[in-house]
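Note sheet for the following structure.
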Amino acid sequence: MTERELCKLAIDAMGCAYAPYSRHTVGAALLSKSGKVYLGGNVENAAYSPTVCAERTAFVKAVSEGEREFLMLAVAGGKEQKISDACFPCGVCRQVMAEFCDPDFPVLVVTGEDTFERYTLSELLPHSFSL
Ligand code: THU
């Protein structure tokens, strides 16, 4: 699985988003060490706060299937299925990533149909909370 292929899957996963309130559709594709890819879309709720981000959807799907080790994550998002410049993971999702991924874990932020930027988790979340 190449970085470009994972980004393409994240773009496709935008189609699974349930975002009737914000119309901001986000897709995530998470590659586990086992070689499986877990897709996620954001799932909104009329009460707003129960909304789950695409990245957490992907992580929760994977972890609840027994996965614990991950190779990389790609994220794509924008209004009404249109890729925006760069849809960065929110702070809560970064903290969830820190639970399972090393500081050098690559996060690919899609910026267009064929373009993306690569960050490490520690660049996005320099001082994660830990117990
Ligand atoms: N959203 C994500 O799916 N991932 C993020 O990291 C940031 C925000 C979603 C949540 C909500 O459905 C919509 O984007 C607008 O905030």
When rounded to the nearest 0.5 angstrom, what distance separates [atom1] in [X] from [atom2] in [Y]?
X: T51; Y: R56; atom1: OG1; atom2: CZ; answer: 9.0 Å
X: D102; Y: S122; atom1: CG; atom2: OG; answer: 10.0 Å
X: R94; Y: S128; atom1: CZ; atom2: OG; answer: 12.5 Å
X: L124; Y: F105; atom1: CG; atom2: CZ; answer: 10.0 Å

Closest non-hydrogen atom pair between [X] and [Y], with its separation:
X: A10; Y: A74; value: CB-O, 3.5 Å
X: V109; Y: A86; value: CG1-CB, 3.8 Å
X: A29; Y: V37; value: CB-CG1, 4.1 Å
X: K61; Y: L39; value: NZ-O, 2.8 Å

Side chains of [X] and [Y] in contact at under 4.5 Å (non-hydrogen atoms):
X: K79; Y: S84; value: no
X: E55; Y: C90; value: no
X: V110; Y: I83; value: yes
X: T2; Y: E5; value: yes
X: L73; Y: M97; value: yes

Using distance alone, with no hydrogens and no angle criterion, decide if T25 and E80 have a side-chain donor and acceptor under 3.5 Å apart.
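No, no side-chain donor-acceptor contact under 3.5 Å.
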Is there a donor-acceptor contact under 3.5 Å linking the side chains of S34 and E67?
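A donor-acceptor contact under 3.5 Å links the two side chains.
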Scan residues 105-117 for pairs that pass side-chain hydrogen bond (donor to acceptor under 3.5 Å, both in side chains), counting only residues two or more places apart or in two chains.
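Listed once each, the pairs are T111-T115, E117-Y119.
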M72 and V107: CA distance, side-chain angles, deciding distance, side chain to side chain contact (heavy atoms under 4.5 Å, CB included) verdict
CA-CA 6 Å; M72 56 180 167; V107 179; over 6 Å; no
Pair listing, ring pair (Phe, Tyr, Trp, His ring centres under 6.0 Å) test, anchored in residues 49-80, at least two apart
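The answer is F59-F70.
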